Amino acid sequence: MGSNTTRWFAIALAYGFVMLSAAMGADQPRRFDGYKIIRVEVSSQNELEALEQEVTTLLNCVHGVGLMDALVSPDQFDAVAALRLPTQVVQDDVQAMVERERAASSVAGADPFADFFLAYHPYGSFDKSGTAPSGTILWYMNELVTRYPTLASFVDIGTTIEDRTIWGLRISNDAIVDKPAVLYFGGEHAREWIGTTVPTYFATYLLENYGADPTATDLVDNVEFFLIPVFNVDGYIFSWASPSNRFWRKNRRYNGGGTYGVDLNRNWAEG
C-alpha cells in the first residue's frame with residue numbers, strides 16, 4: 001500500500017471512529033469520578049448567569065433565583081467556588097453514589113413482583129415470544145396484565161426516535177362505558193428514575209384493591225386510566241446502558257454537530 005493510500009486510509013479510519021463516537025453520544029461523560037453535586041444559593045439574575053456559564057449540568061427543572069443544584073467536575077467546582085456564592089456539597093462522590101444505586105437495583109428480592117418497589121429497574125424489552133427479562137419495568141407491567149386480565153391491558157402510544165415502542169397500561173372496567181379518560185406518564189426526563197415508579201405504583205394500587213377498597217373500585221369503574229411508566233424510553237435506556245450517562249435528561253435525537261437530545265418537557269406545541 002503506497003504512502004498516500006496509507007495516509008488517506010488512516011484519515012478515513014479516524015473519521016469513521018469520530019463519527020461512530022458522535023453517533024454513540026461519546027461527548028457525554030460515562031463515569032463521574034471526582035464529580036460532586038452542590039447546592040448553590042443564587043440571589044440575582046446576574047449570579048444565575050454566572051453560575052450557568054461555569055456549570056454544564058444544572059439539575060433543577062427550572063433555572064432561577066434561589067437554590068440551584070448542580071453536577072460539577074473538579075474544575076467546575078473550583079470555578080463555582082471562585083464566584084463566592086453560598087454553596088453546600090450535597091453529594092461528595094457522585095460515582096460512588098451511582099454505583100451504590102446500581103448495586104441496589106441488581107439485588108434480586110425474595111419475590112421480584114412483591115419487592116419491585118424496593119429498587120429502580122431497567123426498562124427491558126420483549127423478545128419474539130413476548131417475554132421481558134424478570135425484574136424489568138416491562139416485565140412488571142406484563143405481570144399486572146397477566147394477573148388482572150379483565151381490568152388491565154397494554155397500550156402502544158407510539159414509537160421513539162430509536163424505533164422503540166412506548167408501552168403503557170390501560171386500566172378500566174369495560175362493563176361500564178361512557179366515562180372520562182385520564183393520562184399519567186413518568187420518565188419524561190431520563191435521569192428522573194423515581195418518576196417511572198409513580199404510574200406503576202398507581203396501577204398496582206388500582207388493580208390490587210379493586211373490589212375491596214371503595215375508592216379504588218369507584219375509580220376503575222368510572223375512569224379509563226392510561227398509565228405510561230416511561231415516556232422517554234430512549235433516554236431512560238441510555239441512562240442505564242453500559243457505557244451510560246446516569247444524568248442524561250433528554251431524548252436521543254441526533255441534532256447534528258455531535259450533539260444529541262431534545263428536552264421533551266420543553267418542546268410541546270402551543271395549544
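Position 1 is the first residue of the sequence; numbering continues from there. Note that the structure is predicted; figures quoted are calculated from it, not measured.
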Quiz: residues 224-237 side-chain donor-acceptor pairs under 3.5 angstrom, not counting sequence neighbours:
from, atom 1, to, atom 2, distance (Å)
E224, OE2, R170, NE, 2.7
E224, OE2, R170, NH2, 3.0
N232, OD1, G235, N, 3.0
N232, ND2, E188, O, 3.3
N232, ND2, K250, O, 2.9
D234, OD1, T160, OG1, 2.8
D234, OD1, R164, NH1, 2.8
D234, OD2, T160, OG1, 2.9
D234, OD2, I161, N, 3.4
D234, OD2, E162, N, 3.0
Y236, OH, H121, O, 2.5
Y236, OH, W240, NE1, 3.0

For this session: Output the distance between atom CG (N142) and atom CH2 (W167), rounded to the nearest 0.5 Å.
Result: 10.0 Å

Exercise. Does the side chain of W248 reach to within under 4.5 Å of the side chain of R191, using non-hydrogen atoms?
Worked result: no

Exercise. So, do N255 and R253 sit near enough that their side-chain heavy atoms are less than 4.5 Å apart?
Worked result: yes

For this session: Identify the two heavy atoms, one from P199 and one from G186, that lie closest to each other, and give their separation to 0.1 Å.
Result: CG-N, 3.7 Å

Exercise. If every non-hydrogen atom of A216 is compared with every non-hydrogen atom of L206, which pair is closest and at what distance?
Worked result: CB-O, 4.2 Å

Problem set entry | Note, V72 side chain near Y35 side chain (heavy atom, < 4.5 Å) | no

Exercise. If you measure only the distance, is there a donor-acceptor pair under 3.5 Å linking the side chains of N173 and Y210?
Worked result: yes

Problem set entry | Step-by-step side-chain contact (heavy atoms from CB on, under 4.5 Å) determination, K36 to Q76 | CA-CA 10 Å; K36 303 178 188 297; Q76 291 172 346; over 6 Å; no

For this session: For a ring pair (Phe, Tyr, Trp, His ring centres under 6.0 Å) with F117, tell me which candidate from F202, Y140, Y205 qualifies.
Result: Y140

For this session: Report yes if some heavy atom in the side chain of I37 is under 4.5 Å from a heavy atom in the side chain of L59; otherwise report no.
Result: yes

Seminar exercise, completed: So CG of L58 and CG of D69: to nearest 0.5 Å the spacing works out to 9.0 Å

For this session: Give the intermediate values and the outcome of side-chain contact (heavy atoms from CB on, under 4.5 Å) for residues V155 and L169.
Result: CA-CA 6 Å; V155 290; L169 291 169; 6.0 Å; no

Exercise. For the atom pair CD (E47) and CD (E49), what is the distance rounded to the nearest 0.5 Å?
Worked result: 11.0 Å

For this session: Would you please say whether a donor-acceptor pair under 3.5 Å links the side chains of S73 and D75?
Result: no

Exercise. Can you name the residues that form a side-chain hydrogen bond (donor to acceptor under 3.5 Å, both in side chains) with D218, not counting sequence neighbours?
Worked result: N222

Exercise. What are the two closest heavy atoms between I171 and A203, and how far apart are they?
Worked result: CD1-CB, 3.5 Å

Problem set entry | Between Q95 and E99, a side-chain donor and acceptor under 3.5 Å | yes

Problem set entry | Verdict with reasoning, D263 to H189, per side-chain contact (heavy atoms from CB on, under 4.5 Å) | CA-CA 7 Å; D263 187 341; H189 293 147; 2.9 Å; yes

For this session: Enter the distance from L85:CG to S43:OG here, rounded to the nearest 0.5 Å.
Result: 7.5 Å

Exercise. Shortest non-hydrogen contact from L144 to A152?
Worked result: O-CB, 4.2 Å

Exercise. Is there a side-chain contact between F154 and F126 (heavy atoms, below 4.5 Å)?
Worked result: yes

For this session: List in chain and number order the residues that pass side-chain hydrogen bond (donor to acceptor under 3.5 Å, both in side chains) with E52, two or more places apart in sequence or in another chain; answer none if no residue qualifies.
Result: H63

For this session: Decide yes or no on side-chain hydrogen bond (donor to acceptor under 3.5 Å, both in side chains) for Y120 and T196, but give the supporting numbers first.
Result: CA-CA 9 Å; Y120 296 119; T196 69; over 6 Å; no

Exercise. Under 6.0 Å from the OH atom of Y184, do we count more than 12 heavy atoms belonging to anything else shown?
Worked result: no

Problem set entry | side-chain hydrogen bond (donor to acceptor under 3.5 Å, both in side chains) partners for W193, two or more places apart | S239

Exercise. How far apart are the C-alpha atoms of S44 and N46, what are their side-chain angles, what is the distance that settles it, and do they pass the side-chain hydrogen bond (donor to acceptor under 3.5 Å, both in side chains) test?
Worked result: CA-CA 5 Å; S44 68; N46 288 339; 5.2 Å; no

Exercise. Considering only heavy atoms from C-beta outward, does the side chain of E101 approach that of R246 to under 4.5 Å?
Worked result: yes

For this session: Sort and list the pairs that fulfil salt bridge (Lys or Arg N to Asp or Glu O under 4.0 Å) and have at least one residue in residues 136-159, not counting sequence neighbours.
Result: E143-R147

For this session: Return the set of residues passing side-chain hydrogen bond (donor to acceptor under 3.5 Å, both in side chains) with T150 (not counting sequence neighbours), or none when no residue passes.
Result: none

Problem set entry | Ring centres under 6.0 angstrom apart (F32, F247) | yes

Exercise. Do the side chains of I137 and M141 get nearer than 4.5 Å, heavy atoms only?
Worked result: yes

Seminar exercise, completed: Heavy-atom closest pair (T200 atom, T204 atom, distance to 0.1 Å) is O-OG1, 2.8 Å

Exercise. Going through the distances and angles, do V80 and I38 end up as a side-chain contact (heavy atoms from CB on, under 4.5 Å)?
Worked result: CA-CA 10 Å; V80 172; I38 60 175; 3.9 Å; yes

